[in-house]
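For reference, the structure discussed in these notes is given below.
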There are 2 protein chains.
Amino acid sequence: MRILIVEDDYFHASFLQNVIAEALPEVTETLHAQDGLQGEAAARAGRFEAVVMDLQMARRNGIEAARTIWDERPRTRILFWSNYSDEAYLRGVAEIVPAKSAYGYVLKTASRERLKLVLRAVLLEGQVMVDREIQRLRRRSASHRHVLNDSEYAVLLDLALGLQDRLIAERRGLSLRTVQNRLLTLYAKLGVSDEEPSMPGLNKRVRALSRAISTRILNVEMLETAQRDLESWLGERPVNEKAPPTQEGDGAR
Amino acid sequence: MRILIVEDDYFHASFLQNVIAEALPEVTETLHAQDGLQGEAAARAGRFEAVVMDLQMARRNGIEAARTIWDERPRTRILFWSNYSDEAYLRGVAEIVPAKSAYGYVLKTASRERLKLVLRAVLLEGQVMVDREIQRLRRRSASHRHVLNDSEYAVLLDLALGLQDRLIAERRGLSLRTVQNRLLTLYAKLGVSDEEPSMPGLNKRVRALSRAISTRILNVEMLETAQRDLESWLGERPVNEKAPPTQEGDGAR
DNA sequence: ACAAATGATGCGGGAGCCCGCACTTCTACC
DNA sequence: GGTAGAAGTGCGGGCTCCCGCATCATTTGT
């Protein structure tokens, strides 16, 4: 069995190699890539069955690297290994994992024993496994602020990219008013409201993004990924011009 | 000489201790705190002259920890040691460093030799020193998107927190129109505009925040710090009610 | 099968936002 | 001293946004 390690921190990478050697004696070879791009290239060339992937790397983050790896070989088993349990990462991973494959998610703070366990479970036995520490954190925040469903999350992403209502409606195939309803519930779930005595007049739209980021429902990596997705959507869109209800050559604006 | 290390990653902390022992033989004792809060407490109790501080830690980030340490003992020398060179961190540090003190900023990817050099220069000799790698990155992005001056940055923070124009004006002691002018230049400098052929109707306000985050001009840590500052400002504000429609003596300006 | 709940949509209006135009300080450079 | 440029402010208009009120369609419970 051959394993690819994608990890930009030298210490973490060598620790991982060490643990792998101990937990998985059936491994015959491990390769170490330093960032997402290298990881993609290595996976393409090396045909690994198993990958341990850091998230949050320069040049190409772990989610995007995993996506292209899975696009090319959907059976690859990938264990995500990260310092953070941002909801954004979990949603990002859940969105791209193919049916054929197995994956896992562990925190870097997990004990050596737990890491070994997850390594075996995911990479060797093909189980799906999420560190119970993450489930715990997840549950705790869920009790507080309500959980976003997929359609709300999609709208949140669009909002975060700066799209205005009309465009969101077009992209998601909804009416304008419906989008605004989604935003409404989004505001509620993110705790954006004027009722706060301390919080006076605020711009709900921006505030929503702000809170989504503070609470790690969104993070930079997923924002960048979403931006790329948006661009490709814009690309294949049939130069759809809006027949503006009003008239005529308003020229560049 | 006694040194406090504030760092939540075990491997990095022990590597650092190792390098310190080698670079600074005059150190008689090092203490290791695992996050910002612990770091503040340790600094308060231990009266260290020198600190090596990670940014991006749970519970209390490095900037905030440094701020309270410097509030209590302004001569403490602090070396910031981070994986990232986000502009947000640099501005955050620059904002809080007291005149009496010395500080430095190194990337974790710096070579062992450079780390040793910076350790001696900052902690021992009291120089101010920023890793040249950071200057380089800084310069590169500066050429591209224009650099924000302090007042624009302040407005950006307010925008990011979700304040609306009126409140920003009040907080910064400006007229409404002036705030809007600032926002205008902010949009320009962040590259938010409709001229993009690809980018159709977008919400400039949100887009500005989005881009500020993507380009690391802002990051989560500084957003949270700014939020706390805002809350304390709101706290000491004299329950200022808006005499809404009309105007009159709005006092401060 | 009927009622209640949930979700999508339309309409309309008050408020906030973006920004062109014009006027006034304030600052800087000959 | 004078003039040009930058920054601050006011006014007004067009557009987006937030959201209450009301109407259907779909889903769910009993």
Side-chain angles (χ1 to χ4, degrees), chain A residues 146 148-152 154-156 158-195 199-209 242-253, chain B residues 146 148-156 158-196 199-209 242-248 250 252-253:
Chain A
H146 321 251
L148 305 190
N149 62 40
D150 290 343
S151 65
E152 285 158 353
V155 172
L156 172 60
D158 288 343
L159 179 152
L161 294 174
L163 302 191
Q164 42 188 94
D165 296 2
R166 174 160 14 258
L167 252 213
I168 302 180
E170 183 188 339
R171 186 176 187 195
R172 304 299 173 188
L174 301 171
S175 85
L176 198 76
R177 191 61 180 85
T178 301
V179 169
Q180 295 177 332
N181 273 340
R182 289 261 220 289
L183 289 174
L184 230 40
T185 73
L186 205 53
Y187 297 155
K189 291 191 176 180
L190 290 172
V192 177
S193 64
D194 319 82
E195 65 208 41
M199 285 274 70
L202 39 72
N203 182 311
K204 302 209 166 188
R205 217 153 231 266
V206 177
R207 185 71 181 169
L209 173 51
K242 322 263 35 178
T246 50
Q247 53 329 49
E248 52 59 38
D250 48 345
R253 45 172 299 13
Chain B
H146 320 253
L148 305 191
N149 63 38
D150 289 343
S151 65
E152 285 158 354
Y153 186 71
V155 172
L156 172 59
D158 288 344
L159 179 151
L161 294 173
L163 301 191
Q164 44 186 93
D165 297 1
R166 176 163 7 260
L167 252 212
I168 302 181
E170 183 188 340
R171 186 175 186 195
R172 303 299 173 189
L174 301 170
S175 84
L176 227 174
R177 190 63 180 82
T178 301
V179 170
Q180 296 177 331
N181 273 340
R182 287 259 223 290
L183 289 174
L184 232 38
T185 74
L186 205 54
Y187 297 155
K189 291 190 177 179
L190 290 172
V192 177
S193 64
D194 318 84
E195 64 208 41
E196 289 282 350
M199 286 275 68
L202 40 71
N203 183 311
K204 302 208 166 188
R205 215 151 234 264
V206 176
R207 185 71 182 172
L209 173 51
K242 326 264 25 179
T246 50
Q247 56 316 65
E248 50 59 48
D250 49 346
R253 47 186 314 308

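- At a threshold of 4.5 Å between non-hydrogen side-chain atoms, the residues A:V206 and B:L159 count as touching.
- Using a 4.0 Å cut-off, no side-chain N or O of A:R182 falls inside it from OP1 or OP2 of C:dG7.
- Regarding contacts with the backbone of D:dC19, a side-chain N or O of A:K204 is found under 4.0 angstrom from either OP1 or OP2.
- OP1 and OP2 of C:dC11 both lie 4.0 Å or more from every side-chain N or O belonging to A:R177.
- For C:dC19, the base has a donor-acceptor partner in the side chain of B:Q180 [N/O atoms by modelled type, under 3.5 angstrom].
- In this model, a donor atom of one side chain and an acceptor atom of the other lie less than 3.5 Å apart for B:N181 and B:R177.
- The CG atom of A:L167 lies 11.0 Å from the CG atom of A:L161; values are rounded to the nearest 0.5 Å.
- B:L159 has its CG atom 13 Å from the C1' atom of C:dC18, to the nearest Å.
- Remark: the B:R172 side chain and the D:dG8 base include no donor-acceptor N/O pair separated by less than 3.5 Å.
- In this structure, A:R182 contributes its side chain and A:V155 its backbone to no donor-acceptor pair below 3.5 Å.
- A:L184 comes within 4.0 angstrom of sugar-phosphate atoms only, judged by non-hydrogen atoms across all strands, and of no base.
- Checking the phosphate oxygens (OP1, OP2) of D:dT9, a side-chain nitrogen or oxygen of B:S175 falls inside 4.0 Å.
- Nucleotide D:dC15 holds its P atom 17 Å from the CG atom of B:L202, rounded to whole Å.
- Taking atom CD1 of residue A:I168 and atom C1' of nucleotide D:dC17, one finds them 11 Å apart after rounding to whole Å.
- The distance from atom CG of A:L176 to atom P of D:dC17 is 8 Å, rounded to the nearest whole Å.
- Residue B:N203 places at least one side-chain N or O under 4.0 Å from the OP1 or OP2 atom of D:dC17.
- Straight-line distance from the CZ atom of A:R166 to the P atom of C:dG10: 13 Å, rounded to whole Å.
- The distance from atom CG of B:L167 to atom C1' of C:dA15 is 15 Å, rounded to the nearest whole Å.
- Checking A:Q164 against B:N149, the closest nucleotide of DNA chain D that is more toward the 5' end is the one next to B:N149.
- For the atom pair B:L156 CG and B:Y187 OH, the distance stands at 10.0 Å (nearest 0.5 Å).
- A:L186 has its CG atom 11 Å from the P atom of D:dC18, to the nearest Å.
- D:dC11 atom P lies 15 Å from atom CG of B:N181, rounded to whole Å.
- Residue contacts shown for A:L174 are limited to sugar-phosphate atoms, with no base heavy atom under 4.0 Å away.
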